[in-house]
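A short write-up of the structure that comes next.
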Amino acid sequence: MFHFRKRLRELAREEKEYERKLDIDDKGRLVLDVKLGSISDAYSKYSPQKDLRLEPELKEYFESENIVLENPLVIKVYNDELKESKIEQETLTGILKNSFCCERRKLFKSRRFNNLVSLWCLIVGLVILAASFSIQFLPFLQNIIFSSLEILAWVFLWEAADLFFFQRPGLNARYVHYSKLCSADVEFFSGCSNKGSYTGYVCQNG
């Protein structure tokens, strides 16, 4: 029971965090700002040249940012080199999109698995519960088996409830988050953000 109360509190905190709005540009798009000291700062130093991957801190930034769902999204990248190189822009845009869509595919599979397991637990729990009630008509087995089956049935039913009502909303929220990132526009600018107080991702080496 404590586990369920803890999950409720966590979901309540997540809901409050998702209410925080990001900056909105003149086109009504939510803005995620990224400032890079150099082009290489966007990529992990451990990824091979032919298989470039996002810098872990940059990836974590996109994962942690909260996105209001009703607005389209734009990722604004500030770097002088990128602004002047169409090839580098296309490379970084492709890697961003591939990273986001890969996470979305993983979450789609996780959601489907979660739904199947919760349904399986529900069915098994109901079958065991029905069996436990049928044993009531066998007095010599009632005290021995009935209580055990009833407890086992509620274990499966609680697990089904936990998966469906507590874990599923978090998976759905993350899936929508990455779906939004997958469809985001990526724009490139020179210098840094024109906001007076910069709150986007800033490369530590930049």
Side-chain angles (χ1 to χ4, degrees), residues 10-11 13-36 39-79 81-83 85-118 163-164 166-189 192-193 195 198-203 206:
E10 289 175 354
L11 288 172
R13 284 197 297 269
E14 290 174 6
E15 184 178 357
K16 288 182 180 179
E17 289 176 357
Y18 265 79
E19 291 175 356
R20 181 173 65 86
K21 291 182 180 289
L22 300 175
D23 293 313
I24 299 178
D25 66 6
D26 53 3
K27 296 180 180 178
R29 301 174 301 179
L30 296 171
V31 179
L32 287 179
D33 283 320
V34 176
K35 178 185 176 183
L36 300 173
I39 296 176
S40 61
D41 292 336
Y43 309 121
S44 171
K45 61 183 179 181
Y46 301 108
S47 61
Q49 188 66 30
K50 294 182 179 180
D51 185 25
L52 292 173
R53 299 180 183 179
L54 284 183
E55 165 64 30
E57 288 187 2
L58 178 57
K59 186 176 180 181
E60 184 179 345
Y61 165 70
F62 287 119
E63 289 176 350
S64 63
E65 279 302 306
N66 301 308
I67 299 172
V68 180
L69 306 180
E70 56 269 18
N71 293 78
L73 179 69
V74 59
I75 298 171
K76 295 187 176 183
V77 182
Y78 294 87
N79 179 267
E81 297 175 78
L82 279 168
K83 176 63 178 175
S85 175
K86 292 294 183 183
I87 295 177
E88 292 292 348
Q89 290 180 20
E90 292 175 359
T91 300
L92 180 55
T93 299
I95 292 172
L96 285 170
K97 297 286 186 175
N98 182 64
S99 177
F100 300 149
C101 292
C102 182
E103 289 297 324
R104 185 177 64 174
R105 285 193 296 271
K106 292 178 183 178
L107 287 165
F108 177 81
K109 293 178 180 179
S110 296
R111 290 198 315 164
R112 185 169 59 181
F113 180 77
N114 177 275
N115 291 337
L116 289 174
V117 173
S118 63
L163 289 169
F164 190 81
F166 297 100
Q167 295 187 31
R168 188 174 65 95
L171 289 172
N172 287 344
R174 291 189 63 208
Y175 179 80
V176 173
H177 178 95
Y178 277 102
S179 295
K180 202 73 173 179
L181 287 169
C182 284
S183 60
D185 297 325
V186 181
E187 299 178 355
F188 298 88
F189 300 88
C192 60
S193 171
K195 292 188 297 181
Y198 190 81
T199 58
Y201 173 84
V202 182
C203 176

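Screening residues 94-117 for side chain to side chain donor-acceptor pair (under 3.5 Å), with sequence neighbours left out, gives K59-E103, R111-N172.
Scanning both residues, D41 and E55, for their nearest heavy atoms gives O-CB, 3.6 Å. Counting all heavy atoms, side chain and backbone alike, G28 lies closest to P72 at O-CD, 3.8 Å. Scanning all heavy atoms of the two residues, the minimum distance from L58 to A42 falls at CD2-O, 3.9 Å.
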- Message: Test side chain to side chain contact (heavy atoms under 4.5 Å, CB included) on D25 and K76; report intermediate values, then the result.
- Response: CA-CA 11 Å; D25 66 6; K76 295 187 176 183; 3.9 Å; yes
- Task: List the steps, then state whether side chain to side chain contact (heavy atoms under 4.5 Å, CB included) holds for V31 with D33.
- Result: CA-CA 6 Å; V31 179; D33 283 320; 3.5 Å; yes
- Please report the C-alpha distance between L32 and L181 in whole Å, then the side-chain angles of each, then the deciding distance to 0.1 Å, and finally whether the side chain to side chain contact (heavy atoms under 4.5 Å, CB included) criterion is met. CA-CA 10 Å; L32 287 179; L181 287 169; 3.9 Å; yes
- Stepwise side chain to side chain contact (heavy atoms under 4.5 Å, CB included) check, E63 with Y178: CA-CA 8 Å; E63 289 176 350; Y178 277 102; 2.5 Å; yes
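The backbone N or O of L82 lies less than 3.5 Å from no partner atom in the side chain of S85, so there is not a single donor-acceptor pair. Between the K180 side chain and the N71 main chain, a donor and an acceptor come within less than 3.5 Å of each other.
When each of L96, I75, L92, N79 is paired with V34, the side chain to side chain contact (heavy atoms under 4.5 Å, CB included) condition holds for I75 and for no other.
For E187, the salt bridge (charged side-chain N to carboxylate O under 4.0 Å, His left out) partners are R29, not counting sequence neighbours. Residues meeting the ring-ring contact (aromatic ring centres under 6.0 Å, His included) test with F62, sequence neighbours left out: F100.
Inter-residue side-chain proximity for L30 and I24 is flagged as met; some heavy-atom pair is nearer than 4.5 Å.
A distance of 9.5 Å separates CD of E90 from CZ of F188, quoted to the nearest 0.5 Å.
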